[in-house]
Amino acid sequence: LEENLHPIDKAERDCIAKLDSTQAMNECSYKARDAWYKEMDKYMRLLKNVTTDEDYNNILKAQSKWKEYQEAEFEAVSIISEKQGTMFQNTAASVKKKLVKQRAQELNELYTILKF
């Protein structure tokens with residue numbers, strides 16, 4: 001399982017392992033989330049290179065709709081953060097990161113299929 005861990009997940013795990021404050025652990029999850037955003041941007045650029053303008057515009061439309069979905073999900077998850085206790089903030093940070101990671105992986109899969 002260790003060898004299948006994505007470098008972003010490994011960096012987050014290693015970051016959290018060094019810390020004892022839940023607030024600092026949140027920062028690890030936010031850094032991981034930002035790294036997944038960068039992966040998403042990378043795959044959007046790669047997809048632009050392997051698709052027609054029309055197809056890429058359809059991907060852009062889907063990405064725009066996904067961003068609306070993401071904002072709504074982040075808003076819904078914020079309910080967790082408002083609960084008392086830093087554990088809830090950790091949970092919210094993790095849920096948000098997983099959402100971005102999932103989209104980055106979907107774009108990666110799309111690129112993997114279309115690049116040939």
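We count residues from 1, following the sequence as given.
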Any idea which heavy atoms bring Lys10 and Leu5 closest together, and the distance? CA-CD2, 3.8 Å
Donor-acceptor pair, distance only, cut-off 3.5 Å: does the side chain of Ser64 make one with the backbone of Leu60? no
May I ask you to test the Gln23-Gln89 pair for a side-chain heavy-atom distance under 4.5 Å? yes
One should read off an interatomic distance between Lys96 NZ and Ser29 OG, to the nearest 0.5 angstrom, of 11.5 Å
Smallest heavy-atom separation, Ile8 atom then Ala32 atom, equals CG2-O, 3.7 Å
What do you reckon, is NZ of Lys115 surrounded by more than 12 foreign heavy atoms closer than 6.0 Å? yes
Beyond-backbone contact of Leu110 with Tyr43, side-chain heavy atoms, under 4.5 angstrom: no
Where do Trp66 and Leu99 land on the side-chain contact (heavy atoms from CB on, under 4.5 Å) test, with the steps shown first? CA-CA 10 Å; Trp66 180 85; Leu99 184 69; 4.3 Å; yes
Quick test of your reading: applying salt bridge (charged side-chain N to carboxylate O under 4.0 Å, His left out), list the pairs with at least one residue in residues 34-58, sequence neighbours left out, ordered by first then second residue. Glu39-Lys42
Has Asn26 got a side-chain atom pairing as donor or acceptor with Asn90's backbone, closer than 3.5 angstrom? yes
Given side-chain contact (heavy atoms from CB on, under 4.5 Å), test Tyr111 with Ile59 step by step and report yes or no. CA-CA 11 Å; Tyr111 172 69; Ile59 294 168; over 6 Å; no
Taking side chain as C-beta onward, heavy atoms only, is Glu73 less than 4.5 Å from Val95? no
For Ser94 and Thr91, indicate whether the former's side chain and the latter's backbone hold a donor-acceptor pair under 3.5 Å. no
Considering only Ile, Leu, Val, Met, Phe, Trp and Tyr, and joining two whenever side-chain heavy atoms are under 4.5 Å apart, list the other residues clustered with Tyr30. none
Remaining members of Ile16's ILVMFWY cluster at a side-chain heavy-atom cut-off under 4.5 Å? Leu19, Met25
If you group Ile, Leu, Val, Met, Phe, Trp and Tyr by side-chain heavy-atom gaps below 4.5 Å, do Met44 and Tyr69 land in one group? yes
Side chain proximity check, Lys101 to His6, heavy atoms < 4.5 angstrom: no
Working to the nearest 0.5 angstrom, can you tell me the gap between Lys31 NZ and Lys97 NZ? 14.0 Å
Nearest 0.5 Å, what's the CD-CH2 distance between Gln105 and Trp36? 5.0 Å
